[in-house]
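None of the values given here were measured: they were computed from a predicted structure. Atom set for the values below is all heavy atoms of this structure, side chains included, hydrogens, waters and symmetry mates excluded.
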Amino acid sequence: MSETQSPNAGQVAYWNDLGGKTWAELNELLNRQIEAIGLRGIEVLAPSAGERILDVGCGGGQTTVALAARVGPGGAVTGADISRPMLELALRRAEGLPNVRFLEADAQVHDFGQGQFDGVFSRFGVMFFADPTAAFANLRRALKRGGRLVFICWAPLSENPWMSTPAAAAAAASDTPSAGPPPDPTAPGPFAFADCDRVRGILEGAGFDNLRFDKVTAPIGGNDLEDSLTVALRVGPLGARLRENPQLAPRVRADVRAALEQRLKDGKVWMEGAVWIVSARAP
Ligand SMILES: C[S@@+](CC[C@H](N)C(=O)[O-])C[C@H]1O[C@@H](n2cnc3c(N)ncnc32)[C@H](O)[C@@H]1O
């Protein structure tokens with residue numbers, strides 16, 4: 001897929017360069033933080049033996065492989081992503097699994113075929129579309145009639161201390177304002193779907209019905225202090241700020257570490273997080 005063909009060229013570039021490479025490098029640490037919440041989403045989708053499932057923005061494939069175990073040898077799971085570094089990781093993870101395949105594809109426009117899937121799933125992979133209504137209409141076409149859509153997206157940053165706490169500690173240490181959501185809260189990015197009324201409009205506009213929004217709060221973490229510090233300094237709003245202002249990193253490191261240290265429990269850092277588990281049906 002060439003970057004210029006995609007309506008999401010900026011995201012294709014980002015997830016094939018810094019974004020994708022960082023996520024690929026830190027994948028095991030990130031997976032540890034979000035595995036449990038992903039499994040809750042899979043429970044809501046409730047895939048059964050023999051079903052065909054599409055995992056959108058599958059990244060390193062942790063959820064793709066979990067879905068494959070649920071549908072068994074008679075079923076099939078397709079992971080779709082725009083990021084080569086992530087797909088390479090996913091391919092390695094799923095090596096030897098005959099019921100898994102991966103596509104390098106922009107889910108907003110890729111022709112998945114009509115009525116090919118019983119379910120469409122995503123863990124944090126659907127908030128990056130330039131035209132979300134068009135993207136979900138495309139995903140609805142890929143579903144059979146009555147097919148299920150389930151995805152997990154972040155609730156507002158203010159309800160996700162695991163992301164805002166390191167950013168606030170860094171802001172205090174560097175005497176600069178804390179990184180917040182982008183000025184346009186609907187711009188593609190991790191918090192683009194924080195407002196469930198907006199998501200309702202997108203999904204209804206894309207032709208879905210039986211919409212359901214469950215706010216789930218859960219501790220996010222599970223890494224030791226040093227690994228948690230690595231993730232905090234390289235991913236999310238603080239990671240973005242430090243990439244733009246690398247000179248701040250030595251100044252903020254000790255204070256971010258101290259903020260995380262306060263959240264240590266049995267040697268692991270845990271902080272509150274909040275997501276939406278969104279489900280819908282293709283009529
Ligand atoms: C935050 S990561 C989540 C990855 C994975 N689902 C996980 O939970 O580990 C977002 C993923 O969405 C992918 N993505 C972004 N826009 C996409 C698009 N238009 N089509 C397919 N994948 C996309 C990115 O490449 C990235 O792998």
Side-chain angles (χ1 to χ4, degrees), residues 8 10-27 29-38 40-41 55-60 62-63 81-83 85-86 106-108 121-132 135-136 150-168 170-171 178-199 202-203 213-221 223 228 230-244 271-278:
N8 295 296
Q11 294 293 329
V12 172
Y14 174 74
W15 289 104
N16 279 282
D17 192 16
L18 260 182
K21 286 176 188 161
T22 305
W23 260 74
E25 193 188 325
L26 304 180
N27 207 244
L29 305 184
L30 290 164
N31 278 340
R32 195 166 295 134
Q33 294 195 162
I34 56 179
E35 180 173 17
I37 202 76
R40 286 183 75 164
D55 187 5
V56 177
C58 63
Q62 188 186 44
T63 52
D81 205 289
I82 50 174
S83 167
M86 299 285 257
D106 181 340
Q108 182 177 320
F121 177 80
S122 184
R123 182 181 77 179
F124 304 125
V126 290
M127 304 91 86
F128 305 94
F129 302 127
D131 186 340
F136 280 99
V150 173
F151 64 83
I152 305 168
C153 58
W154 294 111
L157 179 62
S158 56
E159 296 175 39
N160 279 289
W162 74 276
M163 255 202 210
S164 60
T165 301
S178 177
D184 173 4
T186 69
F191 296 100
F193 281 7
D195 173 2
C196 69
D197 288 336
R198 172 171 189 250
V199 180
I202 290 167
L203 294 179
F213 296 84
D214 290 313
K215 173 93 66 81
V216 174
T217 53
I220 303 281
N223 288 307
S228 301
T230 301
V231 172
L233 295 176
R234 295 194 54 199
V235 176
L238 178 55
R241 166 159 290 216
L242 294 180
R243 276 196 296 279
E244 285 157 23
M271 278 184 266
E272 305 79 17
V275 301
W276 291 108
I277 298 184
V278 181

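- In this structure, CD1 in Ile220 is found 11.0 Å from CG in Leu30, a value given to the nearest 0.5 Å.
- Judged by distance alone, with hydrogens and angles left aside, the side-chain atoms of Asn16 form a donor-acceptor pair with the main-chain N or O of Val12 at under 3.5 Å.
- Within the 4.5 Å cutoff, the side chain of Val199 has heavy atoms near those of the Phe151 side chain.
- Remark: Asn160 CG to Thr165 OG1 distance equals 10.0 Å, nearest 0.5 Å.
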- Message: For Phe193 and Arg198: C-alpha separation, side-chain torsions, deciding distance, then whether side-chain contact (heavy atoms from CB on, under 4.5 Å) applies.
- Response: CA-CA 7 Å; Phe193 281 7; Arg198 172 171 189 250; 3.8 Å; yes

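- Here the closest heavy-atom approach between residue Gly41 and residue Val150 is recorded as O-CG1, 3.5 Å.
- Side-chain contact between Val275 and Ile34 is absent, with no heavy-atom pair separated by less than 4.5 Å.
- A pairwise comparison of heavy atoms in Met271 and Pro161 identifies SD-O, 3.7 Å as the closest pair.
- Note that the CG atom of Leu26 and the CZ atom of Arg234 stand 5.0 Å from one another [nearest 0.5 Å].
- Side chain of Ser122 to backbone of Gly57: no donor-acceptor contact under 3.5 angstrom is found.
- The shortest heavy-atom contact between Pro190 and Met127 is O-CE, 3.4 Å.
- Rounding to the nearest 0.5 Å gives a distance of 11.0 Å between CH2 of Trp23 and CG of Leu29.
- Asp214 is linked by a salt bridge (Lys or Arg N to Asp or Glu O under 4.0 Å) to Arg212, counting only residues two or more places apart in sequence or in another chain.
- Heavy-atom minimum distance, Ala155 versus Ala194: C-CB, 3.8 Å.
- Considering only residues two or more places apart in sequence or on other chains, Gln108 meets the side-chain hydrogen bond (donor to acceptor under 3.5 Å, both in side chains) condition with Asn8.
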- Give the C-alpha distance, both sets of side-chain angles, the deciding distance and a yes or no for side-chain contact (heavy atoms from CB on, under 4.5 Å) between Arg123 and Phe121. CA-CA 7 Å; Arg123 182 181 77 179; Phe121 177 80; 4.1 Å; yes

- Item | side-chain contact (heavy atoms from CB on, under 4.5 Å) between Met163 and Leu157, intermediate numbers included | CA-CA 7 Å; Met163 255 202 210; Leu157 179 62; 3.8 Å; yes

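- In the displayed structure, Arg40 atom CZ is contacted under 6.0 Å by at most 12 heavy atoms of other residues, nucleotides or ligands.
- Relative ring orientation between Phe129 and Phe136 is described as perpendicular, the plane-to-plane angle rising above 60° on a 0-90° scale split at 30° and 60°.
- The CD1 atom of Ile202 lies 11.0 Å from the CG atom of Asp197; values are rounded to the nearest 0.5 Å.
- Between the CE atom in Met86 and the CG atom in Asp81 there is a gap of 6.0 Å [rounded to 0.5 Å].
- Pro85 approaches Ala24 most closely through the heavy-atom pair O-CB, 4.1 Å.
- Using a 4.5 Å heavy-atom cutoff, the side chains of Lys215 and Trp276 are in contact.
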- Message: Let's go through Phe128 and Ile82 carefully: what are the C-alpha distance in whole Å and the side-chain angles of both, what is the deciding distance for side-chain contact (heavy atoms from CB on, under 4.5 Å) to 0.1 Å, and is it a yes or a no?
- Response: CA-CA 11 Å; Phe128 305 94; Ile82 50 174; over 6 Å; no

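- Closest of all the heavy-atom pairs between Asn223 and Ser228 is O-OG, 3.1 Å.
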